[in-house]
Amino acid sequence: MQLFYNAELTDQNHFRFDKNESTHIIKVLRKKNGDILHITNGLGFLFEAEVILDDIRNCEVKIIKKTFFEPSSFQTHIAIAPTKMNDRLEWFVEKAVEIGVHEITPIICDNSERKVLKTERIHKIAAAAMKQSLQYYLPKINEPVSYKAFMQQNFERTNLYIAHCEEDKNKKHLFDLVTEHSKNLILIGPEGDFSDKEITLAKSGNFQPVSLGHNRLRTETAALVAVHTIALKNESYER
């Protein structure tokens with residue numbers, strides 16, 4: 001199944017794709033009148049639609065079936081310091097969406113080498129990964145925020161974790177801490193790690209220091225390991 005994405009699709013019976021999507025559907029994929037397309041709006045809905053106007057500039061479809069899928073029983077929110085090289089962060093976003101991340105917030109830390117991040121391309125990568133992995137929920141991509149401002153938010157009823165590189169006798173492996181059907185937020189620092197002040201602030205806000213394994217990981221690798229660990233632990237509960 002090939003999945004298309006359009007955020008504007010809600011309750012209408014007919015829908016028209018824009019020029020770029022129409023060209024892709026009709027000219028590249030060679031879809032004709034009567035063919036069936038599968039579309040999601042990223043909000044849990046899967047629409048089955050029949051092509052009724054195979055125009056490369058203005059492809060029109062008729063919605064013939066709509067199915068709603070319940071969201072997952074757990075939530076994973078990754079707050080990650082943008083990497084120095086954009087392609088590394090983009091790689092993380094793509095793979096994290098495929099695995100099942102629910103929310104991503106870029107945080108600007110004391111040791112961040114990248115202080116500015118444009119999220120438009122990140123949104124596009126997330127949408128493409130959602131389609132490729134046949135999911136019906138588009139993860140929330142937040143605008144970059146300073147570490148201090150982020151820590152002032154209300155994280156009620158959320159399991160809070162920070163993955164830092166400093167020695168800490170209270171560190172436990174993330175896999176051992178994740179609970180069933182829970183909301184999880186994990187902080188992933190920049191290449192130079194969190195500053196001592198940032199680690200202290202996190203601990204004072206009830207963030208539990210966690211280990212992601214014995215090896216020292218790059219920022220984007222650590223974040224992906226966190227996403228996979230939480231997903232894997234929740235899969236184990238379902239067996």
Side-chain angles (χ1 to χ4, degrees), residues 5-8 18 20 42-43 75-133 135 137-155 158 160-166 174 183-207 209-210 212 215-230:
Y5 165 65
N6 197 291
E8 298 176 5
D18 62 24
N20 289 336
L43 299 174
Q75 294 288 309
T76 302
H77 181 181
I78 300 292
I80 179 174
T83 53
K84 182 179 179 180
M85 303 299 292
N86 270 336
D87 60 343
R88 289 182 177 174
L89 181 65
E90 292 171 358
W91 174 85
F92 157 70
V93 171
E94 178 184 69
K95 303 309 176 187
V97 173
E98 290 179 19
I99 293 171
V101 75
H102 303 91
E103 186 172 358
I104 298 172
T105 302
I107 50 173
I108 309 303
C109 302
D110 290 341
N111 295 327
S112 291
E113 295 189 60
R114 179 172 293 281
K115 303 288 186 180
V116 177
L117 177 70
K118 295 181 180 180
T119 57
E120 181 179 356
R121 178 170 167 78
I122 299 296
H123 280 279
K124 291 180 179 179
I125 291 171
M130 176 191 66
K131 293 189 294 181
Q132 189 277 331
S133 54
Q135 299 185 67
Y137 282 90
L138 180 65
K140 183 179 181 182
I141 309 294
N142 297 313
E143 290 299 314
V145 62
S146 71
Y147 180 90
K148 183 178 180 180
F150 183 77
M151 296 299 286
Q152 292 173 348
Q153 297 181 29
N154 181 10
F155 302 119
T158 301
L160 306 175
Y161 309 110
I162 178 171
H164 63 75
C165 299
E166 297 298 317
L174 178 61
K183 293 175 63 177
N184 305 278
L185 165 60
I186 182 166
L187 306 177
I188 305 292
E191 284 90 334
D193 200 12
F194 293 108
S195 66
D196 291 341
K197 186 171 73 172
E198 288 170 337
I199 294 173
T200 299
L201 179 60
K203 289 181 178 179
S204 67
N206 296 318
F207 280 78
V210 294
L212 297 173
N215 298 341
R216 187 159 188 158
L217 306 175
R218 290 181 180 272
T219 294
E220 69 277 12
T221 310
L224 192 61
V225 168
V227 173
H228 181 258
T229 298
I230 295 171

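The first residue of the sequence shown is numbered 1, and numbering continues consecutively from there.
Within the 4.5 Å cutoff, side-chain heavy atoms of Leu117 are placed close to those of Asn86. In this structure, the side chains of Ile104 and Asn142 stay at 4.5 Å or more apart for every pair of heavy atoms. Thr219 is not listed as a side-chain neighbour of Phe92, based on a closest heavy-atom distance of 4.5 Å or more. Using a 4.5 Å heavy-atom cutoff, the side chains of Leu185 and Glu103 are not in contact. Inter-residue side-chain proximity for Pro190 and Glu113 is flagged as unmet; no heavy-atom pair is nearer than 4.5 Å.
Ring planes of Tyr147 and Phe194: tilted class, angle from 30 to 60°. Below 30°, between 30° and 60°, or above 60°: for Phe150 and Phe155 the angle between ring planes is between 30° and 60°, a tilted geometry.
Pairing each heavy atom of Ala79 with each of Ile107, the nearest pair is O-CD1, 3.6 Å. Taking both residues in full, the closest heavy atoms of Lys84 and Arg114 are given as O-NH2, 2.8 Å, listed atom of the first, atom of the second, then distance. For the residue pair Ala96 and Leu224, the shortest heavy atom distance occurs at N-CD1, 3.6 Å. Shown here for Asn206 and Leu160, the closest heavy-atom pair between the two residues is O-CB, 3.8 Å. Nearest heavy-atom pair, Pro144 versus Thr119, reported as atom, atom and distance to 0.1 Å: CD-CG2, 3.8 Å. Minimum interatomic distance between Leu187 and Ala202 (heavy atoms only, all atoms of both residues): CD1-CB, 4.2 Å.
Once rounded to the nearest 0.5 Å, the distance linking CE of Met130 with CG of Leu138 reads 5.0 Å. The structure places CD of Gln75 at 11.0 Å from NZ of Lys140, a figure rounded to the nearest 0.5 Å. Of the inter-residue distances, the one linking Leu212 atom CG with His164 atom NE2 reads 11.0 Å to the nearest 0.5 angstrom. A distance of 8.5 Å separates CD in Glu220 from CG in Asp87, rounded to the nearest 0.5 Å.
Considering Ile162, Ile80, Leu174 as possible partners of Ile186, the one that fulfils the side chain to side chain contact (heavy atoms under 4.5 Å, CB included) test is Leu174. Among the candidates Arg121, Lys118, Lys95, the single residue satisfying the salt bridge (Lys or Arg N to Asp or Glu O under 4.0 Å) test with Glu90 is Arg121.
Side-chain N or O atoms of Asn111 include one that pairs as donor or acceptor with a backbone N or O of Asp193 at under 3.5 Å. When atom types are taken as modelled, the side chain of His102 and the backbone of Thr76 share a donor-acceptor pair closer than 3.5 angstrom. No donor-acceptor distance shorter than 3.5 angstrom exists from the side chain of Ser112 to the backbone of Lys115, with no hydrogens or angles considered. In terms of modelled atom types and a separation under 3.5 Å, the side chain of Thr83 and the main chain of Leu89 share a donor-acceptor contact. Under a 3.5 Å cut-off, the side chain of Ser146 and the backbone N or O of Ala149 do form a donor-acceptor pair. Using a distance-only test at 3.5 Å, with no hydrogens or angles considered, a donor-acceptor pair links the side chain of Gln135 to the main chain of Val97. A side-chain donor-acceptor contact under 3.5 Å links Glu198 to the backbone of Asp110.
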